[in-house]
J.: 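Below you'll find the structure I mean.
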Amino acid sequence: MESRGFMEKNLLLSFFLSVLSLTVGLSRAQMVPAMFVFGDSLVDVGNNNYLPVSIAKADFPHNGIDFPTKKPTGRFCNSKNTADFLAEKLGLPSSPPYISLSKKKDASSYINSVSFASGGAGIFNGTDQTFRQSITLSKQVDNYIAVLKFLVQQMGPPSTENHLSKSLFTIVIGSNDIFDYFESSNLRKKNTLQQFVDLMAQTLKGQLKRLYEYGARKLVLTGIGAIGCVPEVRVENETHECSEEHKFWSVRYNEGMKAMLKGLKSELQGINYSYFDTYSVMQNVIQKPSSYGTNDHVFWDLYHPTEATARVFVDNIFYGPSQYCIPMNVRQLVSV
Ligand SMILES: *[C@@H]1O[C@H](CO)[C@@H](O)[C@H](O)[C@H]1NC(C)=O
Ligand SMILES: *[C@@H]1O[C@H](CO)[C@@H](O)[C@H](O)[C@H]1NC(C)=O
Ligand SMILES: *[C@@H]1O[C@H](CO)[C@@H](O)[C@H](O)[C@H]1NC(C)=O
């Protein structure tokens with residue numbers, strides 16, 4: 001009886017402690033309290049499964065074939081994507097899709113991490129129209145603000161502020177906007193490509209400022225990858241080469257984004273960020289996949305990298321040299 005009572009007390013205590021650590025602090029393996037993910041299909045973990053009209057979906061075979069459940073999850077990949085691996089590195093479970101959490105109507109499910117990302121999304125409101133429906137970046141930030149209000153109710157303003165200031169805000173977006181420009185004669189009439197990519201960086205900056213206003217202090221941003229080399233673009237070239245035009249403009253945009261981030265840091269007090277040069281790392285993987293241990297496919301479908309490629313990205317995002325991670329990698333960002 002004695003020992004049973006002791007056990008029960010211990011169980012109760014450890015239950016209490018784990019609830020406490022969920023609410024106010026970190027469990028031992030966690031490097032940050034939470035990660036909030038924004039972006040497109042490169043990091044969507046299932047939000048689009050809930051969008052009835054969207055044609056940007058991955059809820060059918062053979063997506064997910066190498067996932068632990070072997071089932072489609074809504075990830076545009078054979079298994080886990082960049083967001084999953086980044087969470088793993090941080091000692092966090094994958095950030096669950098916001099829409100699945102919002103259906104539970106249980107505010108406590110927002111405490112750890114949330115993914116707002118949606119396949120087909122762009123920096124611009126209109127970009128998603130090609131896919132009929134997706135959650136634009138602007139709307140993703142609105143959804144985050146709704147979550148923040150729940151957190152404040154649960155934890156109170158000071159704890160929420162502390163929780164958010166140590167959390168990571170990961171944003172992977174922009175490729176769809178550039179694809180959209182190449183496909184839309186309307187957009188081409190309105191702006192030159194230079195104006196368009198400048199406007200992308202400025203619009204992204206506006207959304208980052210909103211995140212800052214609502215508590216974000218540590219940002220992880222990835223530049224656009226080698227979108228001129230995705231299979232969908234390569235098949236359009238008779239010799240199946242990468243598109244020089246896509247290459248040129250994704251690099252241009254990335255330069256603009258880097259400059260924008262530098263400016264943002266000088267404008268907003270207490271902000272730190274890690275920018276990842278996806279383009280260069282992806283280019284290296286495409287040219288020399290074996291040196292990264294990928295002896296199979298770099299791409300899973302017409303647009304998206306395989307799990308193996310996503311793993312290479314995250315190893316570099318997390319531990320990468322200052323050549324690719326500007327001004328620091330995510331491991332450094334965590335401990336700033
Ligand atoms: C984008 O849509 C939001 C509504 O979700 C609106 O508040 C915002 O002004 C729009 N942005 C632009 C540039 O039109
Ligand atoms: C195919 O790609 C090569 C290399 O970028 C380029 O020189 C050539 O013009 C492209 N062909 C077409 C049909 O676009
Ligand atoms: C992080 O941001 C703060 C506030 O801007 C700054 O003082 C600090 O030097 C930054 N840390 C690094 C490693 O850049």
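What you see is a predicted model; the values in this text were computed from it and never measured. Both ligands and their constituent atoms are indexed starting at 1 by order of listing.
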J.: Of all the heavy atoms in Leu333, does at least one lie under 4.0 Å from an atom in ligand 3?
T.: no
J.: Do Val281 and Tyr279 come close enough that some side-chain heavy atom pair is under 4.5 Å?
T.: no
J.: Scan side-chain atoms only and decide if Asn237 and Thr239 contain a donor-acceptor pair under the 3.5 Å cut-off.
T.: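 Checked: Asn237/Thr239 side chains pair up, N/O donor to acceptor below 3.5 Å.
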J.: Quick one: does atom 14 (O) of ligand 3 have a protein heavy atom under 4.0 Å from it?
T.: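 Given the 4.0 Å cut-off, atom 14 (O) of ligand 3 counts as touching protein heavy atoms.
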J.: In terms of ring plane angle, is the pair Tyr181 and Phe196 parallel, tilted or perpendicular, where the classes change at 30° and 60°?
T.: tilted
J.: Give the residue, atom name and distance (to 0.1 Å) of the protein heavy atom nearest atom 9 (O) of ligand 1.
T.: Asn125 ND2, 4.7 Å
J.: Examine Phe85 together with Phe318 and report whether their ring centres are nearer than 6.0 Å.
T.: no
J.: If you count the atoms of ligand 3 from 1 in the order shown, which ones are under 4.0 Å from a heavy atom of Ile271?
T.: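 Those atoms are 2 (O), 5 (O).
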J.: Should you measure from each heavy atom of Val336, which atoms of ligand 3 turn up under 4.0 Å away?
T.: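 Ligand 3 atoms under the 4.0 Å threshold to Val336: 1 (C), 11 (N), 13 (C).
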J.: Yes or no, since that's all I need: does a protein heavy atom fall within a distance strictly under 4.0 Å of atom 7 (O) of ligand 3?
T.: no
J.: Where is the nearest protein heavy atom to atom 11 (N) of ligand 3: which residue, which atom, and how far?
T.: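 Nearest protein contact, heavy atoms only, for atom 11 (N) of ligand 3 is Asn272 ND2, 3.0 Å.
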J.: Is ligand 3 under 4.0 Å from a heavy atom in the side chain of Gln332, in the backbone, in both, or in neither?
T.: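 None of Gln332 does.
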J.: Counting heavy atoms only, which of Ser274, Ser266, Gly270 is nearest atom 4 (C) of ligand 3?
T.: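 The option holding the nearest heavy atom is Gly270.
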J.: Side chain, backbone, both or neither: which part of Lys265 has a heavy atom under 4.0 Å from ligand 3?
T.: side chain
J.: How long is the gap from CH2 on Trp300 to OG on Ser79, to the nearest 0.5 Å?
T.: 9.5 Å
J.: Is the gap between the ring centers of Tyr144 and Phe36 under 6.0 Å?
T.: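 Yes, the ring centres sit under 6.0 Å apart.
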J.: Check whether any side-chain heavy atom of Thr222 lies under 4.5 Å from a side-chain heavy atom of Thr82, and answer yes or no.
T.: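 Thr222 vs Thr82: side chains apart.
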J.: Going by heavy atoms in the side chains, are Phe116 and Val141 under 4.5 Å from each other?
T.: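 Sidechains of Val141 and Phe116: no contact.
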J.: Could you tell me, atom by atom, which parts of ligand 3 come under 4.0 Å of a heavy atom of Met328?
T.: 12 (C), 13 (C), 14 (O)
J.: Give the residue, atom name and distance (to 0.1 Å) of the protein heavy atom nearest atom 3 (C) of ligand 1.
T.: Ser138 OG, 3.6 Å
